[in-house]
Amino acid sequence: MGIASAGGAGRALAEWIVNGAPTMDLWPVDIRRFASFNNNPRWLHDRVKETLGLHYAMPWPNRELHTARPFRRSPLYDRLASKGACFGSKMGWERANWFAEAGQRSETDYAFGRQNWHEAVKREMNATRQAAGIFDQTSFAKLLVQGRDAAKALNRICAADVDVGIGRSVYTGMLNERGGYESDLTVMRLAADRFLIVTGSAQAVHDADWIRRNTSPDAHVTLTDVTSAYAVLALMGPNARNILGRITSADLSNAGFPFATIREIDIGYATAYANRMTYVGELGWELIVPSEFAVGVYEALHQAGRDLGLVDCGYYALEALRIEKGFRAWSRELTPDINPHEAGLAFAVSFDKPGGFIGREALMRAKHAGAPVRRIVQFTLDDPEPMLWGGELILRDGKPVGEVRSAAYGHTLGLSVALGLIEDRGGVDREFIASGSFEIDLAGERHPATAHLKCPYDPKSERVRADAGEPRAAA
């Protein structure tokens, strides 16, 4: 695509040189989306042949590459494979997308309608909503930031206040000078001078570079990529507390272990970090486990959860669960061109914290300008049959106003659910959203859609903060 992209690439580079930073989202061509291991000559030799050959191939939804795999494997890879995992690849990691039932092929049959994993994902979603699900999220990138100036440096780089008490977790964004998202991540304070950052699988190189570039060379701060040192097991669902409580001595109650808290606890024979956070909208913990203990923790959790409905779940279910809950994802709803006001995440910004932060001035200007001209909005189709994939046109009163950024079938809601970016020069406020009649164009057919000002699933997030209760029986 070099010749076709030459003019645009030249303009982007020129603007970058003149302004000192990109003026648009260049992530799809950012060298920081690769790591040094992607330069392995044997891996490149096998992979490049496939990518070039796909240039004019059918762009099936969720299409996976097959060459040079498996590449990076979590400690649980073999165990998940033995349970029927169908793997996809992200930043080289083999990740379970979905789990086949006994007798079912663990291979995806591509289609533009419902693919052959539709019912498998329904089972996994139902288990997470009704009992418990376990997700291998080892592919999360993990950065350790240390030093006496670590809190000051990170507080300038992050939009939220991360200079919090030891043992607290903070969801935040790293913004550029335009107020757009360079990344969104979780910052966990382990000690006065030590922070653990968990970010997206593809963002380790990018985020580490952004932090280093925006840290004063005189600051006493070091950054270490510790991604491979830890596995991550997300235990989610109404039975999560009861399952984890069977294999730990830690107090898991709301009073003893509040939301957005990280603690080092015993889990079976292992000692690991437990971060009370969720990406699916249910009670749960992200267990950050030293790699050599990952298998033991996984086995202990399954043994403890056998009679409480614990089920292995994949990334297709995770994606659908987070879209049902309206949670944003970087590179989809959050990009260098979209700010927290537009994303609906201004609540996660500490505008008045001491010292300010990168992008504050741009955000303040946007705040005082009134309703943003574009905004991320959640939609559900009124018809339960169609399947949305992302990229579809959104219409308001018959006129195009935006596009779908993320979509999945929300089995909890019984409908396709989407997060879309809609625009209007007069401002996208509550009145604009509530007064319009919306449709989503799927392959040339318009389907009525409902725009949601509040998430239709557990809008008050009561399930996330659920207190101790009776465990639910296995389905």
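FYI, the numbering just counts along the sequence from 1.
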May I ask you to check whether [X] and [Y] show a side-chain donor-acceptor distance below 3.5 Å?
X: Ser183; Y: His206; value: no
X: His447; Y: Asp441; value: no
X: Thr138; Y: Arg95; value: no
X: Trp98; Y: Ser106; value: no
X: Thr278; Y: Glu282; value: no
X: Asp225; Y: Thr227; value: yes
X: Tyr171; Y: Asp184; value: yes
X: Asn97; Y: Glu64; value: yes
X: Asp312; Y: Tyr298; value: yes
X: Thr67; Y: Asp46; value: no

For the pair Trp389 and Phe112, evaluate ring-ring contact (aromatic ring centres under 6.0 Å, His included) and give the outcome as yes or no after the intermediate values. CA-CA 8 Å; Trp389 295 104; Phe112 286 104; 7.9 Å; no
For the residue pair Trp43 and Phe71, does the interplanar ring angle fall in the parallel (under 30°), tilted (30 to 60°) or perpendicular (over 60°) class? parallel
What is the ring orientation for Trp27 with Trp330, classed by angle as parallel under 30°, tilted 30 to 60°, or perpendicular over 60°? perpendicular
Would you call [X] and [Y] a salt bridge, using N to O less than 4.0 angstrom?
X: Arg123; Y: Glu119; result: no
X: Glu94; Y: Arg73; result: no
X: Asp337; Y: Arg178; result: yes
X: Arg332; Y: Glu319; result: yes

Check whether [X] reaches the backbone of [Y] with its side chain - one donor and one acceptor, N or O, closer than 3.5 Å.
X: Thr108; Y: Tyr110; value: no
X: Arg63; Y: Met58; value: yes
X: Gln115; Y: Ala111; value: yes
X: Glu324; Y: Leu413; value: yes
X: Glu124; Y: Gly314; value: yes
X: Asn19; Y: Glu15; value: yes
X: Asn116; Y: Asp109; value: yes

Ring of [Y], cation from [X] - is the NZ or CZ under 6.0 Å from the centre and inside 45° of the axis?
X: Arg129; Y: Tyr457; answer: yes
X: Arg322; Y: Phe327; answer: no
X: Arg114; Y: Tyr409; answer: yes
X: Arg276; Y: Phe259; answer: no

Against Tyr273, only a single residue in Ile267, Leu190, Val289 fulfils side-chain contact (heavy atoms from CB on, under 4.5 Å); can you say which?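 So, applying the side-chain contact (heavy atoms from CB on, under 4.5 Å) to Tyr273 and each of Ile267, Leu190, Val289, only Leu190 qualifies.
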Can you find a pair of side-chain heavy atoms, one from [X] and one from [Y], that are under 4.5 Å apart?
X: Val232; Y: Lys142; value: yes
X: Met91; Y: Ser139; value: no
X: Phe347; Y: Val349; value: no
X: Ile243; Y: Leu310; value: yes
X: Met236; Y: Glu286; value: yes
X: Glu423; Y: Val401; value: no

Taking all heavy atoms of Ser201 and all of Phe140, pick out the closest pair and write down the distance. OG-N, 3.8 Å
Of the non-hydrogen atoms in Arg69 and His66, which two are nearest, and what is the gap between them?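 Minimum heavy-atom contact is CB-O, 3.9 Å.
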Is it the case that over 12 heavy atoms from other parts of the model lie below 6.0 angstrom from the NZ atom of Lys122?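 Result for NZ/Lys122: open.
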Ring centroid separation Tyr77 to Phe87 under 6.0 Å: yes
